[in-house]
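Accompanying notes for the structure given below.
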Amino acid sequence: GACSVTNVCADQCADGKKNGNETDVDCGGGTCGGCGAGLACTASTDCATGYGCQDGVCYMQPPSNGLVGYWDMSQASTVKDLSGNGNDGTPTPTGAVQTAGHLGGAYLFTGGCVTGPDSSTLDMVGGGAMTMLAWVRIDNVTCNSDRVEIFNKENTYEFAYQCGTTTMQEAIQRSDGNWFWSGDQTTSVGAWTLYVVTWDGTTVKHYVNGVSTYSRALAGGVFADRATGFGIGCRGVSAAGNNNGGANFLDAIDEVAIYN
């Protein structure tokens, strides 16, 4: 334990201070327990079970099976893809700022977004199944388009909420070129909410905080190779990833992941 000048000793790992070998307050360093999301680390061993260390901060590691992109949204400059596939994103110079997230940091969008270039891992050419998910906090229902995007890979897959009705919807476009918006779950306001869309090659399902809320048939077909980038909080990103076509999300997004 740690002792004060008055010889009153306390457990160093529970004294509310960063001391000894700790990498953050009362955690890390090999002596105390692992640190949680957003706390300082020098290696993954400083973080709690299920967390990794990236750029000196602990982040939650999602299941790795089939993971093609994972952005924990905690970085203030390059938004790193922690899946290991190199699908890093760049926040726009204005309208995209860091805020407190569901886990660690998140991005609050006020007209900007995060964009990234085209990649084979996100194209998933020939694939006939996928999952996309994100934690979203909607504090208002302001819109500048018919829908505002959470994640978009133009002409391939996307999910967003529809303005006016504020329902969560998705669109999946296969090689035949056909697509349409689907979904009827009203979005929650003022709280972090987990939205998940899955497609197993036969059925598309929507989940809100782990509860199934919607499904539709979508059998057959595969993804085609389309030269488009990706947008977190916007749509229509070019293959180079350096511009976007609007439909800007105007609230906070955290912990975005795409699986094949």
Side-chain angles (χ1 to χ4, degrees), residues 37 54-55 59-60 62 67-119 121-124 130-139 142-145 147-163 168-172 187 192-197 226 228-260:
Q54 178 75 33
D55 295 332
Y59 70 94
M60 177 174 283
L67 185 66
V68 295
Y70 168 52
W71 305 266
D72 73 349
M73 308 296 281
S74 293
Q75 300 86 28
S77 53
T78 300
V79 180
K80 294 196 173 181
D81 170 19
L82 301 177
S83 73
N85 289 312
N87 296 312
D88 295 345
T90 302
T92 52
T94 59
V97 298
Q98 282 278 288
T99 188
H102 171 69
L103 292 171
Y107 267 90
L108 175 63
F109 297 114
T110 57
C113 60
V114 172
T115 65
D118 188 22
S119 79
T121 52
L122 292 176
D123 285 340
M124 296 187 277
M130 70 160 308
T131 295
M132 47 187 167
L133 64 89
W135 283 90
V136 176
R137 191 190 72 221
I138 298 171
D139 292 320
T142 301
C143 292
N144 56 10
S145 180
R147 291 171 179 83
V148 289
E149 299 282 345
I150 297 171
F151 187 93
N152 171 276
K153 180 74 169 67
E154 192 72 11
N155 298 326
T156 312
Y157 50 85
E158 57 191 315
F159 71 131
Y161 79 80
Q162 184 180 33
C163 300
M168 195 61 59
Q169 298 186 328
E170 47 72 25
I172 295 173
T187 56
W192 283 106
T193 305
L194 176 61
Y195 293 100
V196 180
V197 175
R226 295 189 171 94
T228 59
F230 71 88
I232 300 174
C234 61
R235 67 169 300 174
V237 178
S238 69
N242 55 11
N243 60 12
N244 71 85
N248 294 87
F249 193 81
L250 296 175
D251 280 296
I253 298 177
D254 196 9
E255 304 291 325
V256 182
I258 305 294
Y259 291 82
N260 61 21

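Keep in mind the model is a prediction, meaning the values are calculated, not measured. In this chain, residues are counted from 1 in sequence order.
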Check whether any side-chain N or O of [X] sits under 3.5 Å from a backbone N or O of [Y] as a donor-acceptor pair, and report yes or no.
X      : Y      : value
Thr228 : Lys153 : no
Tyr70  : Gly84  : no
Gln98  : Met73  : yes

Approximate separation, where rounding is to 0.5 Å, of Glu154 CD and Arg235 CZ: 4.0 Å
Any pair counted as salt bridge (charged side-chain N to carboxylate O under 4.0 Å, His left out), so long as it reaches residues 76-86, sequence neighbours left out: Asp55-Lys80
Parallel, tilted or perpendicular, as decided by the 30° and 60° cut-offs, for the rings of Phe109 and Phe249: perpendicular
Can you sort out the partners of [X] under side-chain contact (heavy atoms from CB on, under 4.5 Å), two or more places apart, ordered by chain and number?
X      : answer
Ala240 : Ser238, Asn242
Ala239 : Asp118, Ala227
Ser119 : Asn87, Thr121, Leu122

Partners passing ring pair (Phe, Tyr, Trp, His ring centres under 6.0 Å) against Trp135 (at least two apart in sequence or in another chain):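 Here the qualifying residues are His102.
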Disulfide bond (SG atoms under 2.5 Å apart): pairs with one or both residues in residues 86-117, sequence neighbours excluded: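 Every disulfide bond (SG atoms under 2.5 Å apart) pair that includes a residue of residues 86-117, provided the two are not neighbours, is Cys113-Cys234.
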Aromatic centroids of Phe230 and Trp71 separated by under 6.0 Å: yes
